[in-house]
J.: 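I'd like to ask some things about the structure below.
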Amino acid sequence: MEVRSRFAPSPTGYMHIGNLRTALYEYLVAKSAGGKFILRIEDTDQERYVEGAVDIIYKTMKMVGLKHDEGPDIGGNFGPYVQSERKAIYKKYADILVELGGAHYCFCSEEELENQRKKCEETGVPFKFDDPCKNISIEEAKKRISNGEKYTVRQTINPDGEVSFDDVVYGHVSVETKTLDEGILLKSDGLPTYNFANVVDDHLMNITHVLRGNEYLSSTPKYNLMYQAFGWDIPTYVHLPPIMKDEHNKLSKRNGDASFQDLVQKGYLPEAIVNYIVLLGWSAKNDQEIFSMEELEKVFNVEGINKSPAIFDIEKLKWMNGVYIRELPCEKFYKLSEPWMKQVIHKDIDFETLAKCIQPRVNVLNEIPEAIDFIEILPEYDTEMYIHKKMKTTVEISRTALLEAENLIKNMTDWSSIEAIHDAFMVMPEKLGLKNGQFLWPIRTALTGKQCTPTGAIEIAYLLGKEECLSRIQIGINKLG
RNA sequence: GAUCCCAUCGUCUAGUGGCCUAGGACAUCGCCCUUUCACGGCGGUAACUCGGGUUCAAAUCCCGAUGGGAUCGCCA
């Protein structure tokens with residue numbers, strides 16, 4: 001049988017990391033088996049609907065390389081793929097489920113429920129809704145409905161029994177039916193709750209593998225009761241552990257944690273983000289950590305999925321992003337880094353060469369502006385910076401180096417390449433009886449005013465241009481008295 | 001509270017009874033390379049939650065404790 005998995009986000013306008021990982025695993029489960037990956041929009045909660053949210057979903061999926069085979073935008077044989085357009089379907093199946101004894105019509109108001117709940121709280125009895133409407137016959141209920149009375153459809157659960165199922169990652173899970181809540185399946189607005197829609201849709205869309213967060217682990221038995229009542233095959237369940245912000249808190253929008261979009265905006269590459277999060281709860285069972293999507297489609301398997309929660313570690317993502325950046329072709333990196341460079345540099349310099357210089361030392365694109373801002377304007381710096389133990393520089397040596405450099409540069413005619421400058425500069429240390437560092441460290445300091453720079457004195461001299469170099473060296477000479 | 005689930009370095013993980021004096025990666029520390037910082041190379045610190053069993057042998061199996069998480073909505 002063909003494997004079919006689905007990504008079923010609700011359009012909240014925000015693609016958080018946990019959601020994205022679920023989508024990734026769903027995609028990989030299908031693709032690693034040569035199956036189909038379906039996109040379904042779960043918009044049954046009209047109060048949460050956010051304009052434009054669906055576009056964010058399409059955009060994100062495209063950016064990370066998750067191509068769906070069926071969905072609202074491309075169609076398919078099992079549509080519609082938007083739940084709000086499937087209202088009639090849910091109504092039909094809700095009525096069938098009532099006939100089959102798996103559900104009943106309920107006329108209780110939200111206030112009535114609230115009262116029962118309060119009473120339980122007061123008396124200290126654990127709340128479990130006992131629905132008086134269970135005793136209403138179907139005929140009578142239908143009469144009341146045709147009279148225009150508001151109603152919901154509520155699941156009916158026989159308290160004597162046990163339900164169990166086998167989850168691919170959590171193994172055998174078994175519960176007594178008396179502990180299960182008889183939840184609402186069809187709301188009074190006629191739309192289904194997730195609890196009902198997921199069962200109906202997954203069956204009707206021939207979904208074979210259901211992946212979702214493990215918060216659904218405890219309600220899965222209820223879904224299975226419905227599958228059983230309908231006489232439908234139960235799908236393969238793959239429940240996923242949560243991604244945590246820290247030991248106690250889930251990664252979430254409410255905690256102000258970064259979404260996929262936020263990370264991209266900060267300068268993380270989609271490929272790196274995907275690679276990092278696939279490892280949050282899954283392992284290839286070997287030492288490999290860097291995977292392309294093509295590789296993942298081949299090697300991903302559900303056996304590698306972990307049971308316990310994983311904490312999102314931004315430090316490791318940074319490292320991995322750096323790995324991806326270093327692997328980028330120069331031209332590609334230049335294109336990506338250009339806007340970040342131009343954020344702080346408005347002069348006309350050789351940005352392409354600058355890009356080449358910073359590529360090996362940037363992990364996240366948003367590190368670029370601070371790393372190169374000295375090119376635009378020389379920052380204030382302290383004379384202390386000229387004294388460097390390891391380079392064996394002192395104020396005297398620095399002064400000599402700068403004066404000699406000034407002379408040298410004044411007489412230089414070829415400033416067209418790093419090589420030319422390199423050749424001219426590198427004869428000096430020997431001539432002056434200095435080590436390379438003793439000559440070059442003071443120059444780099446005078447040129448940048450910074451402790452750390454993305455590259456050495458020679459490259460920076462080239463980027464700055466002859467005139468600017470002379471003026472900055474003059475400033476350095478003055479500082480050193 | 002009830003029910004369900006989870007538990008290896010700071011973090012992500014490998015480990016499915018002997019190959020484990022527990023392996024890899026990030027982070028961290030030290031050294032090397034080097035015109036700084038990085039990159040790269042080499043090395044170090046660092047973990048089986050605890051207590052009982054089972055077994056010749058347990059990180060691995062069983063039981064219990066502890067700790068953590070989830071669910072208990074006309075949200076998904």
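Sequence lines set the chain letters: A, B, ... in the order given, protein chains first and strands last, and positions in each chain run from 1.
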J.: Classify the nucleic acid contact of E289(A) as base, sugar-phosphate or nothing, counting any heavy atom under 4.0 Å across all strands shown.
T.: base
J.: Counting any heavy atom closer than 4.0 Å, what does S283(A) reach on the DNA or RNA strands: base, sugar-phosphate only, or nothing?
T.: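 Counting heavy atoms under 4.0 Å across all strands, the contact made by S283(A) is with sugar-phosphate only.
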J.: Which part of the nucleic acid, if any, lies within reach of E315(A) when heavy atoms closer than 4.0 Å are counted: base, sugar-phosphate only, or nothing?
T.: sugar-phosphate
J.: C74(B) base to S188(A) side chain: any donor-acceptor pair below 3.5 Å?
T.: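 By the distance-only test, yes, there is a pair.
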J.: Atom NZ of K245(A) to atom P of G68(B): distance rounded to whole Å?
T.: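 Rounded to whole Å, this separation is 19 Å.
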J.: Take atom CG of D287(A) and atom C1' of G15(B), then tell me their distance rounded to the nearest Å.
T.: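 After rounding, the gap between these two atoms is 12 Å.
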J.: Would you call the rings of F439(A) and F425(A) parallel, tilted or perpendicular, taking 30° and 60° as the class edges?
T.: perpendicular
J.: Contact class for A457(A) vs. all strands (heavy atom < 4.0 Å): base, sugar-phosphate, or nothing?
T.: base
J.: Would you mind telling me which of C4(B), U71(B), C6(B) lies closest to the side-chain atoms of P309(A)?
T.: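 Looking only at side-chain atoms, P309(A) lies closest to C6(B).
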J.: Which of these nucleotides, U71(B), C4(B), U35(B), is closest to any side-chain atom of E459(A)?
T.: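 Selected nucleotide: U35(B).
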J.: Over 60° means perpendicular and under 30° means parallel, so classify the ring planes of H68(A) and Y58(A), tilted if in between.
T.: parallel
J.: Give me the one residue out of Y194(A), Y223(A), F165(A) that meets ring-ring contact (aromatic ring centres under 6.0 Å, His included) with Y216(A).
T.: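 Of Y194(A), Y223(A), F165(A), ring-ring contact (aromatic ring centres under 6.0 Å, His included) with Y216(A) is met by Y194(A) alone.
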J.: Is there a side-chain contact between N306(A) and the phosphate of C6(B), meaning an N or O under 4.0 Å from OP1 or OP2?
T.: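 Indeed not, no polar side-chain atom of N306(A) lies that close.
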J.: C75(B), OP1 or OP2 - any side-chain N/O from K187(A) closer than 4.0 Å?
T.: yes
J.: Apply the test ring-ring contact (aromatic ring centres under 6.0 Å, His included) to residues F291(A) and W282(A): give CA-CA distance (whole Å), side-chain angles for both, the deciding distance (0.1 Å), then the verdict.
T.: CA-CA 12 Å; F291(A) 293 95; W282(A) 176 81; 5.7 Å; yes
J.: Atom CG of N224(A) and atom P of C4(B): how far apart are they, to the nearest Å?
T.: 16 Å
J.: What's the closest nucleotide to the M391(A) side chain, out of A25(B), A76(B), U36(B)?
T.: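 Nearest nucleotide to the side chain: U36(B).
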J.: Given the P atoms of C26(B) and G40(B), what is the spacing between them in whole Å?
T.: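 Their P atoms lie roughly 9 Å apart.
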J.: Is the ring pair Y151(A)/Y105(A) parallel, tilted or perpendicular, if the boundaries are 30 and 60 degrees?
T.: perpendicular
J.: With rounding to the closest Å, how many angstrom separate the C1' atoms on A46(B) and U13(B)?
T.: 15 Å
J.: In whole angstrom, give me the gap between the C1' atoms of U45(B) and C29(B).
T.: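 U45(B) and C29(B) have their C1' atoms separated by 7 Å.
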J.: What's the closest nucleotide to the side chain of T44(A) if the choices are A76(B), C4(B), C74(B)?
T.: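 The answer is A76(B), which lies nearest to the side chain.
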J.: Could you measure between the two C1' atoms, the one in A22(B) and the one in C9(B), and give it in whole Å?
T.: 10 Å
J.: Looking at K285(A), does any N or O in its side chain come under 4.0 Å of the phosphate oxygens OP1/OP2 on U13(B)?
T.: no
J.: What distance, rounded to whole Å, do you find between the two P atoms, one in C37(B) and one in U28(B)?
T.: 15 Å
J.: Looking only at the side chain of Y170(A) (C-beta and beyond, no hydrogens), which of the listed nucleotides C74(B), C6(B), C12(B) gets closest?
T.: C6(B)
J.: Tell me whether the side-chain N/O atoms of R326(A) come closer than 4.0 Å to OP1 or OP2 in G40(B).
T.: yes
J.: Measuring to OP1 and OP2 of G69(B), would you say a side-chain N or O of H248(A) lies under 4.0 angstrom away?
T.: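 Indeed, a polar side-chain atom of H248(A) lies that close.
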J.: Please work out if K390(A) contacts a base, only the sugar-phosphate, or nothing of the nucleic acid, heavy-atom cut-off 4.0 Å.
T.: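 Base contact.
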J.: I need the NZ-P distance between K307(A) and A70(B), as an integer number of Å.
T.: 19 Å
J.: Side chain of R444(A), heavy atoms from C-beta onward: which of C74(B), G24(B), U36(B) has the nearest atom to it?
T.: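 In terms of side-chain proximity for R444(A), the closest of C74(B), G24(B), U36(B) is U36(B).
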J.: Quick one: label T453(A) by what it contacts on the DNA or RNA (base, sugar-phosphate, nothing), any heavy atom closer than 4.0 Å.
T.: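 Contact class for T453(A): base.
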J.: Record whether the side chain of K316(A) comes under 3.5 Å of the base of A25(B) through a donor-acceptor pair of N or O atoms.
T.: yes
J.: Hey, does the side chain of T152(A) reach the backbone of R154(A) with a donor-acceptor pair shorter than 3.5 angstrom?
T.: no
J.: State the NE2-CD1 distance between H104(A) and I157(A), to the nearest 0.5 angstrom.
T.: 10.0 Å
J.: When we call it a touch if two heavy atoms are under 4.0 Å apart, what does I458(A) touch: a base, just sugar-phosphate, or nothing?
T.: base
J.: As a test of reading the structure: which of C6(B), U3(B), U35(B) is closest to the side chain of S308(A), going by heavy atoms?
T.: C6(B)
J.: Would you say A38(B) has OP1 or OP2 under 4.0 Å from some side-chain N or O of T455(A)?
T.: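 So the side-chain polar atoms of T455(A) never come under 4.0 Å of the phosphate oxygens OP1 or OP2 of A38(B).
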J.: Considering only A38(B), C5(B), G23(B), which nucleotide approaches the side chain of R361(A) most closely?
T.: A38(B)
J.: For atom P, what is the distance between A25(B) and G43(B), given to the nearest Å?
T.: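 Pairwise P distance, A25(B) against G43(B), rounds to 10 Å.
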J.: Between W282(A) and S10(A), which residue's closest nucleotide on RNA chain B lies nearer the 5′ terminus?
T.: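 Going by which nucleotide is closer to the 5' end, it is W282(A).
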J.: In terms of side-chain heavy atoms of I184(A), which of U13(B), C74(B), U35(B) is nearest?
T.: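 Per side-chain heavy atoms of I184(A), the pick is C74(B).
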J.: Tell me what C108(A) touches on the nucleic acid: a base, only sugar-phosphate, or nothing, going by heavy atoms under 4.0 Å.
T.: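 Contact class for C108(A): base.
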J.: Which residue lies toward the 5' end of RNA chain B, H422(A) or G171(A), if each is placed at its nearest nucleotide?
T.: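 Going by which nucleotide is closer to the 5' end, it is G171(A).
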J.: Looking at every strand, decide which applies to G213(A) at a 4.0 Å heavy-atom threshold: base, sugar-phosphate, or nothing.
T.: nothing
J.: Taking atom C1' in both G1(B) and A58(B), compute the distance separating them and give it to the nearest angstrom.
T.: 36 Å
J.: With P as the reference atom in both, quote the distance from C42(B) to G68(B) in angstrom, rounded to an integer.
T.: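 41 Å, rounded to whole Å.
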J.: Identify which nucleotide among A76(B), C74(B), U35(B) has an atom closest to any side-chain atom of Y216(A), counting heavy atoms from C-beta outward.
T.: A76(B)
J.: Looking only at side chains, do E303(A) and N301(A) share a donor and an acceptor under 3.5 Å apart?
T.: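 Yes, side-chain donor-acceptor contact under 3.5 Å.
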